[in-house]
J.: 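The structure is given below, and queries will be raised subsequently.
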Amino acid sequence: MPSLFDPMTVGGIPVANRIAMAPLTRNRSPGAVPNDLNVTYYEQRASAGLIVTEGTPISQQGQGYADVPGLYLPESIEGWKRVTEAVHKAGGKIVTQIWHVGRVSHTSLQPNGGAPVAPSAITAKSKTYIINPDGTGAFADTSAPRALDISEIPGILEDYRKAARAAVDAGFDGVEIHAANGYLIDQFLRSGTNHRTDAYGGSIENRVRFAVEVVEAVTKEIGGSRTGIRISPVTPANDASDPNPQPLFDLLVSKLADFDLAFIHVIEGATGGARDFQQGDKPFDWAGMREAYRKAGGKGAWMVNNGYDRDSAMEAVESGRADMVSFGKLFISNPDLPERLEKNLPLADANRETFYGGGAPGYTDYPTVA
Ligand code: 8OZ
């Protein structure tokens, strides 16, 4: 029987345990460049079997929040090299989450102050975080997006490909494609945000096309064994909706089986919220989606997320329902989370007020037990 604390191999990545650090937006990289504080933060968490970094935009167009690190500037790649070196030196493994926000952005963050792009011109009922002209930060309504012309899609696929190459150049063990939480790929997947009438909209076959093309572009560049993907079939995050997610996501994962991915990372329920959150009239069948992946020949590690604690994480791996479990908030406040879980030591709570932006407080000052 596998345990949460056993090593395994995730695609081509040997990991020391089945505890992953979930991607967490922290808005502490001004200029999109990882800095000393970011190096310390990730190094402190290197005992995770696998770190998935915060979302990292593949282009300025893919950028939706102030002070997140990028992968499209040479300086950002140099900054990330210092992070990956520190994590590797400490014995950890780290992949970066490659991200395009689509409509969840603001004109002030876009190239030439233009409109954010999306499958369809539907404004998200959501907020983003910007820097005012006077330098202060503020939450702002997302700007009205424009619908992508079909001729622009190859350019975005190229941005994903380049970001995957940049990630490997920066020393990452691989990438996680961010296809969750109502961002660009998820906007194509779900019917609430995709009203297209071309080959990328309408039927579920058409709505999974963009996701599959991104996976193809990335895996062609760096290989499936270094590529994972994160999905959130029912989340309402960023105003995402689809009344019938099961056939859509079953089809998606069955198509992903062709790419020999390292892992599939599944947010079960509403991101950071209710695990039994439902879209449509039936509860989502999580085991059924995994079965659709395995039946199609998918062999990647099945990583689960959302509100797990020690008992439920141990149960998920011991029962074989999951291969890995990722933790977000608990990794913010417990840099040595794997040791604490293994020894059943007390866990510290994270302070929400320091989640986004700021400096060391609430970022690198959570102590380890020893
Ligand atoms: C919280 C704040 C900003 C962005 C996600 C990348 O939900 C995010 C995010 C989370 O996936």
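Whatever order the structure lists ligands and atoms in, that order sets their numbers, starting from 1. Sequential numbering from 1 along the given sequence is applied to the chain's residues.
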J.: Determine the minimum heavy-atom distance between Gly280 and Gln278, stating which atoms define it.
T.: O-NE2, 3.4 Å
J.: Ignoring hydrogens and geometry, is there a side-chain-to-backbone donor-acceptor pair from Asn194 to Tyr200 under 3.5 Å?
T.: yes
J.: Tell me whether Tyr183 reaches ligand 1 (any heavy atom closer than 4.0 angstrom to a ligand atom).
T.: yes
J.: Could you identify the single nearest non-hydrogen protein atom to atom 7 (O) of ligand 1 and state the distance to 0.1 Å?
T.: Asn181 ND2, 3.1 Å
J.: Looking at ligand 1, would His178 count as a contact under a 4.0 Å heavy-atom criterion?
T.: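 So His178 counts as touching ligand 1.
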J.: So, Arg294 and Glu291, do they make that salt bridge, N to O below 4.0 Å?
T.: no
J.: Only heavy atoms count here, so choose which of Asn27, Thr25, Thr56 is nearest to atom 6 (C) of ligand 1.
T.: Thr25
J.: Report, in ascending order of atom number, the atoms of ligand 1 lying under 4.0 Å from any heavy atom of Tyr356.
T.: 1 (C), 2 (C)
J.: Show me which atoms of ligand 1 lie under 4.0 Å from any heavy atom of Tyr65.
T.: 3 (C), 4 (C)
J.: Taking only Lys NZ, Arg NE, NH1 and NH2, and the carboxylate oxygens of Asp or Glu, determine whether Glu78 and Lys81 approach each other closer than 4.0 Å.
T.: yes
J.: Specify the closest pair of heavy atoms between Val208 and Leu189, including all atoms of both residues, with the distance to one decimal.
T.: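 Looking at all heavy atoms of both residues, the closest pair is CA-CD2, 3.8 Å.
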J.: Restricting to non-hydrogen atoms, name the atom on Lys329 and the atom on Leu24 that form the minimum distance, rounded to 0.1 Å.
T.: N-CD2, 4.3 Å
J.: For ligand 1, is there an N or O atom under 3.5 Å from any N or O atom of Asn238?
T.: no
J.: Under 4.0 Å from a heavy atom of Trp99: which atoms of ligand 1 are those, numbered in the order shown and with their elements?
T.: 6 (C)
